[in-house]
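What follows is a set of notes on a single structure, which appears directly below.
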Amino acid sequence: MAEQHIIKVFQEEFFPHMEALKTFAYHLTYNENDAEDLVQETYLKALKFINSYVEGTNSKAWLFKILKNAYINEYRKKIKTPTILDFNDPLAVQETDMIGGTVEINWDDLAMSLGDEVTLALNSLSYEFKEIILLCDIEGFSYEEIADILDVPIGTVRSRLFRARNELKEKLTKYALYLGYQDKRGFKKNE
Amino acid sequence: MYIDGQKKVELQDRISLYLDHQMTSDEESEFTKNVSENPEIKKWVETEKKFKTLLVNGILRPSVSDELIKKIHDNVQVYQTSSPEKN
């Protein structure tokens with residue numbers, strides 16, 4: 001890429017994704033400072049490999065792929081093991097609390113009662129499940145883009161996303177029951 | 001309407017494809033027609049949509065510090081001025 005285009009490309013195509021990259025990095029590292037270091041590293045690598053980027057193509061996916069690789073190859077080892085957030089134990093909701101193993105949750109109602117619990121529940125998922133939910137549900141990447149970012153087939157994206165969402169729903173459902181959520185069938189925890 | 005286990009999994013997969021905008025326009029038309037004819041499926045789609053909204057609105061999005069913005073801008077400037085092509 002011609003040298004005079006570099007700043008233009010950064011300003012017009014790369015910088016607008018800084019906040020999204022920070023959110024992704026934050027949920028991978030659990031730490032604000034590590035997240036900022038990872039974002040900075042991502043932009044440094046983008047600068048280093050700028051010649052492999054084609055102007056006007058999918059800059060967001062390109063940057064997310066760099067960030068994901070930087071995290072796996074370098075940061076995952078450096079960053080201290082995150083505190084394991086056991087989202088199940090404190091909630092102490094038994095499976096038998098859920099009639100037939102399923103509870104219909106009105107996510108609108110639950111949203112009113114939730115603060116950081118969505119973030120905590122997300123962060124309690126495995127790395128693979130967390131990243132796929134962040135890429136699809138939070139950042140809105142297509143399955144094809146996610147497959148490219150993660151270097152996995154589209155079928156893997158679909159099945160992983162399916163399992164990740166179900167696990168997240170299960171965790172939030174348990175939390176809803178812990179809050180004393182009552183579904184439309186008149187069933188409530190501790191009844 | 002009773003939906004058995006396997007069909008439930010298939011339907012959940014279709015709903016995901018629909019809400020993630022991964023269907024072709026023909027598939028989407030067929031699916032929305034199917035949804036409009038089945039109140040139970042329609043309710044399920046609405047529930048899944050609300051779950052996605054809960055995630056999008058509930059997730060913590062820390063802001064980017066001014067310091068980071070400055071560092072990144074400086075890095076690009078330094079690269080420009082120290083680039084071998086320019087010298």
Side-chain angles (χ1 to χ4, degrees), chain A residues 2-4 6-7 10-11 14-15 18-23 25-27 32-33 35-37 39-40 42-44 46-48 50 104-111 114-123 133-134 136-138 140-144 154 158-159 161-162 165-166 168-169 172, chain B residues 2-6 8-24 27 40 42-87:
Chain A
E3 191 188 315
Q4 61 267 31
I6 291 175
I7 286 185
F10 266 74
Q11 284 176 340
F14 293 174
F15 288 157
M18 210 180 286
E19 291 206 355
L21 289 164
K22 170 79 183 281
T23 298
Y26 177 77
H27 291 287
E32 185 106 34
N33 291 332
E36 295 227 329
D37 285 349
V39 173
Q40 191 184 2
T42 301
Y43 279 98
L44 281 172
L47 200 51
K48 188 176 173 186
I50 191 72
E104 287 176 26
I105 296 289
N106 183 329
W107 298 109
D108 268 355
D109 290 349
L110 185 59
L114 293 179
D116 294 337
E117 287 79 8
V118 177
T119 298
L120 289 172
L122 180 74
N123 286 345
I133 284 183
L134 286 166
C136 185
D137 291 316
I138 308 303
F141 283 113
S142 68
Y143 293 176
E144 196 178 344
I154 287 183
R158 284 176 64 173
S159 62
L161 194 54
F162 183 86
R165 282 172 175 160
N166 280 346
L168 187 57
K169 273 180 208 157
L172 288 169
Chain B
Y2 174 74
I3 305 170
D4 70 26
Q6 183 55 35
K8 206 169 178 179
V9 170
E10 284 170 15
L11 187 55
Q12 193 179 351
D13 188 46
R14 303 291 294 164
I15 293 171
S16 295
L17 288 172
Y18 171 69
L19 293 177
D20 293 338
H21 308 292
Q22 298 299 303
M23 285 180 164
T24 63
E27 286 170 335
E40 198 176 333
K42 191 174 181 179
K43 190 179 161 196
W44 193 354
V45 171
E46 285 306 311
T47 302
E48 292 295 318
K49 199 185 279 182
K50 284 172 185 171
F51 178 70
K52 270 179 89 84
T53 306
L54 176 79
L55 289 187
V56 172
N57 295 337
I59 205 78
L60 185 65
R61 296 169 192 268
S63 59
V64 178
S65 72
D66 292 341
E67 193 188 350
L68 177 63
I69 295 170
K70 187 177 181 308
K71 273 185 196 170
I72 292 171
H73 280 259
D74 288 350
N75 286 333
V76 178
Q77 293 294 343
V78 167
Y79 177 84
Q80 278 288 100
T81 53
S82 64
S83 168
E85 283 178 45
K86 194 164 189 171
N87 297 330

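We name chains A, B, ... by the order of the sequence lines, and we start the count at 1 in each one. Quantities reported herein were computed from a predicted structural model and do not represent experimental measurements.
For the atom pair CD1 (A:I138) and CZ (B:R61), the distance works out to 5.5 Å, reported to the nearest 0.5 Å. Taking NZ of A:K22 as the start and OG of B:S65 as the end, the distance is 6.0 Å to the nearest 0.5 Å.
Between B:V9 and A:F162, some side-chain heavy-atom pair lies under the 4.5 Å cut-off. Residues B:I59 and A:H27 are in side-chain contact: their nearest non-hydrogen atoms beyond the backbone lie under 4.5 Å apart. For the pair A:V118 and B:N57, the minimum side-chain heavy-atom distance is 4.5 Å or more. The side-chain heavy atoms of A:V39 and B:V64, taken from C-beta on, include no pair separated by under 4.5 Å. A heavy-atom distance below 4.5 Å is not found between the side chains of B:V76 and A:Q11. The shortest side-chain heavy-atom distance between A:F14 and B:I72 does not fall under the 4.5 Å cut-off.
Taking both residues in full, the closest heavy atoms of B:S63 and A:E36 are given as O-OE2, 4.0 Å, listed atom of the first, atom of the second, then distance.
Among the candidates B:K49, B:K52, B:E46, B:E67, the residue making the largest number of heavy-atom pairs closer than 4.5 Å to chain A is B:K52.
For chain A, the nearby parts of B:L17 are the backbone and the side chain; heavy atoms of each come within less than 4.5 Å. Contact of A:E19 with chain B is made through backbone and side chain together, with heavy-atom distances under 4.5 Å. For A:L44, the part lying under 4.5 angstrom from a heavy atom of chain B is the side chain only. Looking at A:R165, the atoms closer than 4.5 Å to chain B (heavy atoms on both sides) sit in the backbone and in the side chain alike. With a 4.5 Å cut-off on non-hydrogen atoms, A:L161 touches chain B through its side chain but not through its backbone.
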Legend entry - Verdict with reasoning, A:D137 to B:F51, per side-chain contact (heavy atoms from CB on, under 4.5 Å): CA-CA 10 Å; A:D137 291 316; B:F51 178 70; 5.6 Å; no
Inset, instruction - Show your working on ring pair (Phe, Tyr, Trp, His ring centres under 6.0 Å) between A:F15 and B:H73 and close with a plain yes or no. - result: CA-CA 9 Å; A:F15 288 157; B:H73 280 259; 4.2 Å; yes
Inset, instruction - Given side-chain contact (heavy atoms from CB on, under 4.5 Å), test B:N75 with A:Y43 step by step and report yes or no. - result: CA-CA 9 Å; B:N75 286 333; A:Y43 279 98; over 6 Å; no
Inset, instruction - Could you please spell out the steps behind the side-chain hydrogen bond (donor to acceptor under 3.5 Å, both in side chains) verdict for B:D20 and A:Y143? - result: CA-CA 8 Å; B:D20 293 338; A:Y143 293 176; 2.5 Å; yes
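Judged by distance alone, the side chain of B:H21 and the main-chain N or O of A:S142 form no donor-acceptor pair under 3.5 Å. A donor-acceptor pair under 3.5 Å is absent between the side-chain atoms of B:K71 and the main chain of A:Q40, judged by distance alone.
The only member of A:I133, A:L122, A:T119 that meets side-chain contact (heavy atoms from CB on, under 4.5 Å) when paired with B:L55 is A:I133.
Annotation for A:E144: atom CD does not count as buried by contact number, only 12 or fewer foreign heavy atoms lying within 6.0 Å.
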